[in-house]
Number of protein chains: 2
Amino acid sequence: MKSKAIYYHAGCPVCVGAERGVASAIDTNRYEVEIVHLGESPVRLAEAKAAGVVSVPALLIGESVFHVNFGASLEQLEA
Amino acid sequence: MKSKAIYYHAGCPVCVGAERGVASAIDTNRYEVEIVHLGESPVRLAEAKAAGVVSVPALLIGESVFHVNFGASLEQLEA
């Protein structure tokens, strides 16, 4: 069974760079990668926050959150 | 030809977590992943710095640096 990886972003330049660099490098044979744009899908904000995401871009792999560089805080997205 | 990815770390808990979570998720069919422990290989510090790494753990994919969470600054490792 594939592990789940969620890449949360907000379309910012830093986000786009990390998506091209890191998210796209993930092995899709072992991971099911979901890309979530929190600006377009604000309904996913609560779930991201509950998982421990405080800024984007961020990768949630299993239950571990990895913040990759810094584009925007979740608070900025909620404003 | 495979792209080159270098994972710089310093053995810190945050580094170990990111190695297990992110570095190990990279598709090794497309990327040649090198793991560099800057504490054990301080000779690699200058190269990491030149590439734009300011803290560990960090992933250098091609010419792009992605800082993953924060374990220690390069300055701390140089001290």
Side-chain angles (χ1 to χ4, degrees), chain A residues 1-38 44 47-77, chain B residues 1-38 44 47-77:
Chain A
M1 206 184 102
K2 289 188 186 184
S3 301
K4 178 90 181 171
I6 306 179
Y7 178 71
Y8 292 105
H9 74 109
C12 56
V14 172
C15 297
V16 172
E19 183 174 343
R20 285 190 190 144
V22 180
S24 72
I26 292 175
D27 186 351
T28 51
N29 287 315
R30 293 183 288 132
Y31 294 86
E32 184 197 330
V33 183
E34 183 185 7
I35 310 286
V36 176
H37 189 313
L38 289 173
R44 305 286 297 267
E47 152 211 314
K49 214 169 172 176
V53 175
V54 299
S55 63
V56 288
L59 254 178
L60 177 66
I61 300 184
E63 294 186 350
S64 303
V65 178
F66 302 99
H67 295 97
V68 181
N69 291 342
F70 179 84
S73 70
L74 239 61
E75 281 173 1
Q76 285 174 296
L77 299 179
Chain B
M1 207 185 101
K2 289 187 186 185
S3 300
K4 177 90 181 171
I6 306 180
Y7 178 71
Y8 292 104
H9 74 109
C12 56
V14 172
C15 297
V16 173
E19 183 174 343
R20 285 190 189 143
V22 180
S24 72
I26 292 174
D27 186 350
T28 52
N29 286 316
R30 293 183 288 132
Y31 294 85
E32 183 197 331
V33 183
E34 183 186 7
I35 310 285
V36 176
H37 188 313
L38 289 173
R44 306 286 298 266
E47 152 212 314
K49 213 168 172 178
V53 174
V54 299
S55 64
V56 287
L59 253 178
L60 177 67
I61 300 185
E63 294 187 349
S64 302
V65 177
F66 301 99
H67 295 98
V68 181
N69 291 342
F70 179 84
S73 69
L74 239 61
E75 283 174 0
Q76 285 174 295
L77 298 179

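Numbers restart at 1 for each chain; the letters A, B, ... are given by sequence-line order, proteins then strands. Excluded from the calculations below are hydrogen atoms, water molecules and symmetry mates; all remaining heavy atoms, backbone and side chain alike, are included.
Contacts with chain B (heavy atom to heavy atom, under 4.5 Å) involve no residue of residues 47-54 of chain A. Using non-hydrogen atoms only and a strict 4.5 Å limit, the part of residues 18-36 of chain A facing chain B consists of A/A18, A/G21, A/V22, A/S24, A/A25, A/I26, A/D27, A/N29, A/R30, A/Y31.
In this structure, chain B has a heavy atom under 4.5 Å from the backbone of A/V65, while its side chain stays farther away.
Shown here for B/V68 and A/F66, the closest heavy-atom pair between the two residues is CG1-CB, 3.7 Å.
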